[in-house]
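FYI, the numbering just counts along the sequence from 1.
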Amino acid sequence: MVAGDYPDIAAEHWIVDIGAAKLTDTPENFDVVVMPNLYGDILSDVAAQIAGSVGMAGSANIGDDVAMFEAIHGSAPRRAGQDVANPSGLLLCAVMMLVHIGQGDVAATVHNAWLTALEAGAATYDIAGPGRAPLGTRDFAKAVIAHLGHRPQRLAAVDYPIVERRPAAAPHPAVRAKKTLDGVDVFLHAPHARPDGLAAALVSAAGDGWLRLQMITNRGVKVWPDGFPETFCTDHWRERFQSPFPGAAAPSHILQLLHHLYRAGFDVIKTEGLYRFDGQPAYSLGQGQ
């Protein structure tokens, strides 16, 4: 867990479903939330909507050498050209960018103008609420501009430090990992096939080639060898062929295997090479491997 790298910060671990429930129920209990990209993409939108609207939040993707800033919702093609979109997310990600590049004073001026405009009642359709006439995108932006130099009275004003950005360190020369090949995953379209019969036909077609059939999966579940007969199978199958020794396969072995499979009438949809880098598998192991 990431929390192990920061022992001075209190942390809790939540499974994403109950974490989402807690976020919607008591968002004030959350400060920093660390998640894989998929969960983060979903729950960041949930958090923004709880705060008022997905259109209100900016986001930052910061790396060692480069950074990218965008509204949290990405593009909004359904709102393009209608003068209704909330520009707050784009504005606030620009504030984040200004802080990142060391222009905290400019960032605070823009952010406080935005807060003051909200206090004065400026609102686009997504946050206007019932009985209030919403502003369009352009008029909302004009309202923010009109409040440049003002500080909010009811909402908390912001102040950002001015930090001089250090030039990026020279990148270390890349060390190329040793790439070796274990075998190949072959994906087939095989209607009405059954695991044992399909395996027997594949072994026969492959002959005495260097790559040997290790397993068959369907919908991500191993169905051969030692699969469960009650597993529901679709007409798309994945067959894993591997060499007897790690890293001992070659592209020519894959070409030979595919030649035999095509000659036997198999409908190959696609293939994925099973590679290692510096001896470590760069592919997911199947069930039982």
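When all heavy atoms are compared, the tightest approach of Y160 to G104 is CB-O, 3.6 Å. Between L118 and I127, the shortest heavy-atom distance links the atoms CD2-CD1, 4.1 Å. Across Y125 and V84, no two heavy atoms sit closer than the pair CD2-O, 3.2 Å. Taking both residues in full, the closest heavy atoms of A190 and W237 are given as O-NE1, 3.1 Å, listed atom of the first, atom of the second, then distance. The heavy-atom pair separating F266 from A205 by the smallest distance is CE1-CB, 3.9 Å. Minimum heavy-atom separation, F140 to P87: CD2-CG, 3.6 Å.
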For this session: Report the C-alpha distance between L135 and K142 in whole Å, list the side-chain angles of each, state the deciding distance to 0.1 Å, and finish with yes or no for side-chain contact (heavy atoms from CB on, under 4.5 Å).
Result: CA-CA 10 Å; L135 297 178; K142 290 177 181 178; over 6 Å; no
Problem set entry | side-chain contact (heavy atoms from CB on, under 4.5 Å) evaluation trace for L115 with H111 | CA-CA 6 Å; L115 291 169; H111 199 160; 3.9 Å; yes
Problem set entry | Derivation of the side-chain contact (heavy atoms from CB on, under 4.5 Å) call for V95 and V158 | CA-CA 11 Å; V95 168; V158 298; over 6 Å; no
For this session: Let me see the working for M96 and H100 under side-chain contact (heavy atoms from CB on, under 4.5 Å), right down to the final yes or no.
Result: CA-CA 6 Å; M96 299 169 76; H100 181 71; over 6 Å; no
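Within the 3.5 Å criterion, the main-chain N or O of A108 finds a donor-acceptor partner in the side chain of N112. D83 places a side-chain N or O within 3.5 Å of a backbone atom of R138 that can act as its donor or acceptor partner. Formation of a donor-acceptor pair under 3.5 Å by the H253 side chain with backbone atoms of A250 is found in this model. S204 contributes no side-chain N or O that, together with a main-chain N or O of A200, makes up a donor-acceptor pair within less than 3.5 Å. Here the side chain of S243 pairs no donor or acceptor atom with the backbone of G183 at under 3.5 angstrom. Between the side chain of R240 and the backbone N or O of T217, no donor-acceptor pair lies under 3.5 Å. Put simply, the side chain of N218 gets close to the backbone of H236: a donor and an acceptor are under 3.5 Å apart. Distance alone, capped at 3.5 Å, places no donor-acceptor pair between the W114 side chain and the L91 backbone. Not one N or O on the side chain of N61 forms a donor-acceptor pair closer than 3.5 Å with the backbone of A67.
Sorted by first and then second residue, the side chain to side chain donor-acceptor pair (under 3.5 Å) pairs with a member in residues 144-157 read R151-D159; sequence neighbours excluded. Every pair passing salt bridge (charged side-chain N to carboxylate O under 4.0 Å, His left out) that includes a residue from residues 260-270 is listed here, sequence neighbours excluded: K270-E272.
Note on W210 and L258: same hydrophobic cluster, where clusters join Ile, Leu, Val, Met, Phe, Trp and Tyr whose side-chain heavy atoms are under 4.5 Å apart, directly or indirectly. One hydrophobic cluster, built from ILVMFWY side chains closer than 4.5 Å, holds both V16 and V33. Under a hydrophobic-cluster definition in which Ile, Leu, Val, Met, Phe, Trp and Tyr are linked whenever side-chain heavy atoms come within less than 4.5 Å, directly or via other members, V203 and L211 are assigned to the same cluster. Taken together through direct or relayed side-chain contacts under 4.5 Å among Ile, Leu, Val, Met, Phe, Trp and Tyr, M35 and W14 form parts of separate hydrophobic clusters. Under the 4.5 Å side-chain heavy-atom criterion for Ile, Leu, Val, Met, Phe, Trp and Tyr, F30 and V46 are members of the same hydrophobic cluster.
Interatomic distance, CG of L90 versus CD1 of I72, reported as 13.0 Å (0.5 Å rounding). For the atom pair CG (D45) and CD1 (I50), the distance works out to 11.0 Å, reported to the nearest 0.5 Å. Distance NZ/K22 to CG/N29: 8.5 Å, rounded to 0.5 Å. Separation of atoms CG (L257) and OG (S252) is listed at 11.5 Å; rounding is to 0.5 Å. Going from atom CZ of F245 over to atom CG of D182 covers 12.5 Å, rounded to the nearest 0.5 Å. Considering NE2 of H73 and CD of Q49, their distance stands at 11.0 Å, rounded to 0.5 Å.
The side-chain heavy atoms of T124 and P134, taken from C-beta on, include no pair separated by under 4.5 Å. Looking at heavy atoms from C-beta onward, N86 lies in side-chain contact with M56 at the 4.5 angstrom threshold. L213 has its side chain within reach of I216: a pair of non-hydrogen atoms, C-beta onward, lies under 4.5 Å apart. In this structure, the side chains of L202 and L261 come closer than 4.5 Å at one or more pairs of heavy atoms. Side-chain contact between L188 and V268 is present, with at least one heavy-atom pair separated by less than 4.5 Å. Counting heavy atoms from C-beta on, the side chains of I9 and D31 never come closer than 4.5 Å. Between L285 and Y283 there is a side-chain heavy-atom pair separated by less than 4.5 Å. In this structure, the side chains of L181 and P251 come closer than 4.5 Å at one or more pairs of heavy atoms.
Around CG of N37, the count of heavy atoms belonging to other residues, nucleotides or ligands within 6.0 Å does not exceed 12. Sparse packing is recorded around CD1 of I15, with 12 or fewer heavy atoms of other residues, nucleotides or ligands lying under 6.0 Å away. Annotation: Y6, atom OH; neighbour count of heavy atoms from other residues, nucleotides and ligands within 6.0 Å does not exceed 12.
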